[in-house]
Amino acid sequence: MNFLVIGSGAREHIMARRLSDVGVKIFSILTNRNPGLLNLSEEYLFLRSYHNNIRITVDFALSKGIDCAVIGPEDPLALGYSDALMKKGIPVVGPIRQLAQIETSKGFTRDLLTKNNINVSPKYQRFDRIDGAEDFISLLSDEYVVKYDGLMGGKGVRVSGEHLRNKKEGIQYCNELLSKGGSFIIEEKLLGEEFSLMSFCDGNNVRHMPAVQDHKRAYEGDEGPNTGGMGSYTNSNHSLPFLTDEDVREARDINEQVSRSLKDEFGEGYRGILYGGFMVTGNGVKLIEYNARFGDPEAINLLTLLDNDFASVCMDIVGGTLEEVNFRKEASVCKYIVPLGYGSDPSKEATLIVDDKHKDYSDLYYAAVNLEEGGSISTTSSRAAAIISTGEDIEEAEKRCELGLKYISGNDLFVRHDIGKANLIEKRVRNMESIR
Ligand code: AMP
Ligand code: GLY
């Protein structure tokens, strides 16, 4: 079978790896010269950007006899790559544009939940002008979050007391978003611990993956600006140390309800990965956001642990025949290697050197890097590579991940070493104990 993989980060590198492991031929749509994807692909099409390149992508897919396309990132989903490929008869893992609104419009998602009595949102209000914003912030007792109502690579959210020091800064940020032509949401700031729960959806059936925790903040101790994600871990019991069984059940149930609500809303089922970003609070599980795709880095943990053949899971998603999906009962820890300053002012001097000896302990997936003539790897302003290890428990997986990292070198690189370490996990467990 021939699969088209759209996207050129570590998430797409592991998708391609898992597909090629079962003998599938990989064709890629790349926006950077990812060495891992170049190596796995029979052929590829290089795009400068996803904008205005749907036609050339569809033509490429048709000329290569693609049996199934898998879309990694949000931009092609937002632009309607799924719609265009499906119109030409190519099945796609990844929702059509209308259904991808679950990610592309935070306002749409909040309203969908309200309309369907899925009561897991914080208090919120949508704005397309500044009128009323200050009053709403006061109503929330200055404990609020401002969100751009569109795609901003995980970087459009600012939280009071963290990124916004006072009301004036909050209003300033709202005005900044309006001046860029955008609308925004203000919502109540939730207190608790975040986790992701992703589900495979085939339009009717929903099959859940283990819970996973990403680390969005750029620096150790969860400080600094929000990023696309610095690393993530899963536990061998498929829950997380600070979650109860009931929390996991609630999150699964919310994903199931949302999948049904989307079908009711549009008359067409959601086919792809539904990613719920949740916060467990003193009042149960609340929704932070939905994504219409695999999380990155979360996909790296989950596709490492997936027991099924990934190509068959994809064919079941597009065919509406999704049955049992199983994951190994092991823990996993993934850490991203990023250019120093990633998230605010990334170094332009960063270099990445990978010694294959890391394979004794870990697997490595390349992200936003470029293979240069001569074989060296240059970095960009985004994440460089993800390294992942598994183990009987989180501690063992984390130790192996750090051993693997010793074989990665270069200049101006940064890793959040605290991800998966006992200190940080205990802090979260204690935080949840005091909140509950
Ligand atoms: P999002 O892009 O919506 O996932 O938001 C990025 C990050 O902002 C989340 O991972 C949270 O850390 C934080 N955040 C978003 N919404 C809220 C909220 N209502 N309360 C507290 N933190 C939030
Ligand atoms: N890791 C967060 C995301 O993929 O949006």
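First listed ligand is number 1; within each ligand, the first listed atom is number 1.
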Below 4.0 Å, non-hydrogen atoms only: which portion of [X] touches ligand 1? Side chain, backbone, both or neither.
X    : value
E194 : side chain
L190 : both
N226 : side chain

Name of the residue among K115, Q98, R260 meeting side-chain contact (heavy atoms from CB on, under 4.5 Å) with E265: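 Per the side-chain contact (heavy atoms from CB on, under 4.5 Å) rule, the option paired with E265 is K115, out of K115, Q98, R260.
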
Using a 4.0 Å cutoff against the non-hydrogen atoms of [X], which atoms of ligand 1 qualify?
X    : answer
V145 : 16 (N), 17 (C), 18 (C), 19 (N), 20 (N), 21 (C)
E188 : 18 (C), 19 (N), 20 (N)
M279 : 21 (C), 22 (N)
K147 : 3 (O), 15 (C), 16 (N)

message: Against the six-membered ring of Y361, is R400 placed for a cation-pi contact (under 6.0 Å from the centre, within 45° of the normal)?
response: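 Checked: cation-pi criterion not met.
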
- prompt: Can a cation-pi geometry be assigned to R158 and Y173, taking NZ or CZ under 6.0 Å from the six-membered ring centre and within 45° of the ring axis?
  reply: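 Yes - R158 lies over the ring of Y173, closer than 6.0 Å to its centre and within 45° of its axis.
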
query: Any side-chain donor-acceptor pair under 3.5 Å between T114 and D111?
result: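 Short answer, no.
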
field: Distance-only polar pair, side chains of D412 and S347, donor-acceptor under 3.5 Å
entry: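 Per modelled atom types, D412 and S347 side chains form a pair under 3.5 Å.
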
query: Under 3.5 Å, N or O to N or O, is K189 touching ligand 1 that way?
result: no

Pairs meeting criterion ring-ring contact (aromatic ring centres under 6.0 Å, His included) with involvement of residues 270-290, two or more places apart: F195-F278

message: Does anything in residues 412-436 form a ring-ring contact (aromatic ring centres under 6.0 Å, His included)? List the pairs, not counting sequence neighbours.
response: none

- prompt: Is E162 paired with R217 through a side-chain N to carboxylate O contact shorter than 4.0 Å?
  reply: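 Here R217 pairs with E162 in a salt bridge, since their nearest N and O are under 4.0 Å apart.
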
- request: Give the ring-plane orientation class for F310 versus F200, where under 30° counts as parallel, over 60° as perpendicular and anything between as tilted.
  value: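 Tilted: the ring planes of F310 and F200 meet at 30° to 60°.
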
- prompt: Within a reach of under 6.0 Å around NZ of K399, are more than 12 heavy atoms found that belong to other residues, nucleotides or ligands?
  reply: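 No, NZ of K399 has 12 or fewer neighbouring heavy atoms, counting only those of other groups under 6.0 Å.
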
task: Could I get the full list of side-chain contact (heavy atoms from CB on, under 4.5 Å) partners for S382, not counting sequence neighbours?
output: Y342, A368, T380

- prompt: Can you list, by chain and residue number, every protein residue with a non-hydrogen atom closer than 4.0 Å to ligand 2?
  reply: D214, K216, G228, Y275, N291, R293, G295, D296, P297, E298

- line: Min over L140, D222, V157, V146 of heavy-atom distance to atom 14 (N) of ligand 1 lands on V157

message: So, 4.0 Å and heavy atoms of K286: is ligand 1 close enough to count as a contact?
response: no

